[in-house]
Structures are given as C-alpha cells and as structure tokens.
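Note sheet for the following structure.
Just so you know, residue 1 is the first one in the sequence shown, and it goes up from there.
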Amino acid sequence: MGLVFFLPLLVVVITGTVLQLRGEFEYLQPKAVKVESQNSPIVPSELLIQKFGKENVDQIIWRPAKGSLVVRLKGDMEAHVHPWTGEVLKEAKRRTNFLIELHQGSWMGKWGQYFIHFLTGLGLLFLTLAGYYRDWE
C-alpha cells in the first residue's frame with residue numbers, strides 16, 4: 001500500500017519544500033518592491049484595473065506595512081506598482097502558481113485533487129496509525 005502512495009507523496013514533499021523556499025529565489029517569486037509610506041491615499045483599484053485591463057487583472061494585493069502594491073495578472077505575470085503614483089516599478093513572471101497546483105493536485109482537475117491527493121492523505125494516515133498500533137502490540 002505504501003508504494004501506491006509513494007509518488008503522490010513525493011510530489012507533495014518536493015513541491016512543498018520548494019514552495020517554502022520560494023521567497024529566496026527571484027526566478028520563482030519576484031521580490032516585492034517596497035515604497036516608503038506616505039500620508040496620502042493609495043491609487044484606487046479602479047484605476048489599476050483600467051490601466052491593466054479588466055480581463056487581465058487577477059488580484060490586487062496591498063500590504064500597507066511593507067508599502068507594497070502588486071497587481072497579479074493572468075498568465076502568471078505580476079506588476080509592482082507605486083502605491084501613490086500608480087507608476088509601474090517592476091513587471092515579472094511569477095512561477096509559483098504551477099508549483100501550488102502541483103502540490104494541491106489541482107493541475108489534474110477536481111478528480112486529481114480530491115481523488116488522488118485526498119486518498120493519498122487518508123492512506124498515509126491509515127499507514128501511520130496501523131504502524132503505531134502494530135508497535136503497541
């Protein structure tokens with residue numbers, strides 16, 4: 001039974017390890033551009049959506065403590081924007097999305113996420129509990 005769960009577990013372990021270190025590698029996840037805080041309101045999200053196109057914007061992430069405003073675009077691109085002027089400071093490709101999908105099993109669709117990865121988790125739980133039970137006897 002352990003051999004059946006080996007490959008999915010190996011994928012989860014490797015991708016999880018790489019995702020833990022993603023901030024250390026600019027290739028995987030671009031470093032955030034931080035801007036010193038000002039006492040004025042940030043650029044309205046409507047202007048950012050208009051600037052990048054409604055169909056292209058996936059997420060707008062504002063981190064006030066870091067002075068970081070990131071617009072995640074479809075196609076794994078992200079733009080780091082000056083929070084008060086709206087100027088694009090940096091555009092970069094974000095490569096962690098595929099790793100996250102691989103880690104969750106969602107790249108295979110719902111059946112991969114819920115069938116393969118979920119059953120792998122249940123199987124590993126069973127093997128762990130069975131191993132402890134066997135040692136107690």
Side-chain angles (χ1 to χ4, degrees):
M1 194 163 132
L3 292 175
V4 172
F5 300 122
F6 176 72
L7 187 59
L9 177 64
L10 187 64
V11 169
V12 169
V13 168
I14 290 171
T15 56
T17 302
V18 172
L19 284 168
Q20 286 292 321
L21 300 172
R22 70 184 177 266
E24 302 300 319
F25 300 102
E26 181 84 17
Y27 179 78
L28 292 174
Q29 179 174 313
K31 301 250 187 248
V33 176
K34 299 173 185 177
V35 178
E36 195 169 316
S37 182
Q38 296 178 1
N39 290 330
S40 59
I42 66 167
V43 176
S45 58
E46 293 82 16
L47 288 177
L48 294 172
I49 292 171
Q50 183 180 14
K51 183 176 195 161
F52 293 102
K54 184 178 182 178
E55 66 282 347
N56 292 330
V57 175
D58 186 38
Q59 297 176 354
I60 298 174
I61 303 164
W62 165 235
R63 294 194 172 103
K66 295 182 178 180
S68 170
L69 179 61
V70 178
V71 180
R72 287 200 183 147
L73 306 169
K74 297 193 174 140
D76 295 334
M77 291 297 291
E78 64 180 37
H80 298 256
V81 179
H82 193 288
W84 293 277
T85 65
E87 172 191 0
V88 176
L89 302 172
K90 173 179 163 182
E91 285 190 67
K93 187 166 181 72
R94 178 182 167 85
R95 293 175 176 86
T96 55
N97 291 347
F98 177 70
L99 286 173
I100 292 168
E101 289 176 2
L102 197 59
H103 185 74
Q104 301 178 138
S106 61
W107 70 279
M108 295 180 283
K110 293 284 185 194
W111 73 270
Q113 186 173 2
Y114 294 120
F115 184 70
I116 294 176
H117 280 256
F118 181 71
L119 289 180
T120 298
L122 287 178
L124 289 170
L125 178 63
F126 171 76
L127 287 173
T128 302
L129 294 176
Y132 281 127
Y133 177 74
R134 184 172 173 239
D135 284 345
W136 282 332
E137 287 188 341

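Going from atom CG of Leu127 over to atom OG1 of Thr120 covers 10.5 Å, rounded to the nearest 0.5 Å. The CD1 atom of Ile14 sits 9.5 Å away from the CG atom of Leu9 when rounded to the nearest 0.5 Å. Between Gln29 atom CD and Leu21 atom CG the span is 11.5 Å, to the nearest 0.5 Å. Rounding to the nearest 0.5 angstrom, the gap separating the CD atom in Glu55 from the NZ atom in Lys74 is 8.0 Å. Rounding to the nearest 0.5 angstrom, the gap separating the OG1 atom in Thr85 from the CD1 atom in Ile42 is 12.0 Å.
The two residues Val12 and Thr15 come nearest to each other via the heavy atoms O-OG1, 3.3 Å. Taking both residues in full, the closest heavy atoms of Val33 and Lys90 are given as CG2-CD, 3.7 Å, listed atom of the first, atom of the second, then distance. Nearest heavy atom pair, residue Asn97 against residue Asp76, reads ND2-OD1, 2.8 Å. Here the closest non-hydrogen pair linking Pro30 and Arg94 is CD-CA, 4.1 Å. Taking every heavy atom of both residues into account, Ile60 and Ser45 meet most closely at CD1-CB, 3.9 Å. Here the shortest heavy-atom pairing between His80 and Lys31 reads CE1-O, 3.6 Å.
Between Val88 and Lys51 the shortest side-chain heavy-atom distance falls below 4.5 Å.
Of the candidates Asn56, Asp58, Val57, Ile49, Val71 forms a side-chain contact (heavy atoms from CB on, under 4.5 Å) with just one, namely Val57.
Counting non-hydrogen atoms of other residues, nucleotides and ligands closer than 6.0 Å to NZ of Lys66 gives a total of 12 or fewer.
When hydrophobic clusters are built by joining Ile, Leu, Val, Met, Phe, Trp and Tyr residues whose side-chain heavy atoms come closer than 4.5 Å, directly or via intermediates, Val70 is not grouped with Leu28.
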> Can you check side chain to side chain contact (heavy atoms under 4.5 Å, CB included) on Val81 and Phe52, steps first, answer last?
Replying inline: CA-CA 11 Å; Val81 179; Phe52 293 102; 4.1 Å; yes

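With hydrogens and angles ignored, the 3.5 Å screen pairs no side-chain donor or acceptor of Arg134 with any backbone N or O of Gly131.
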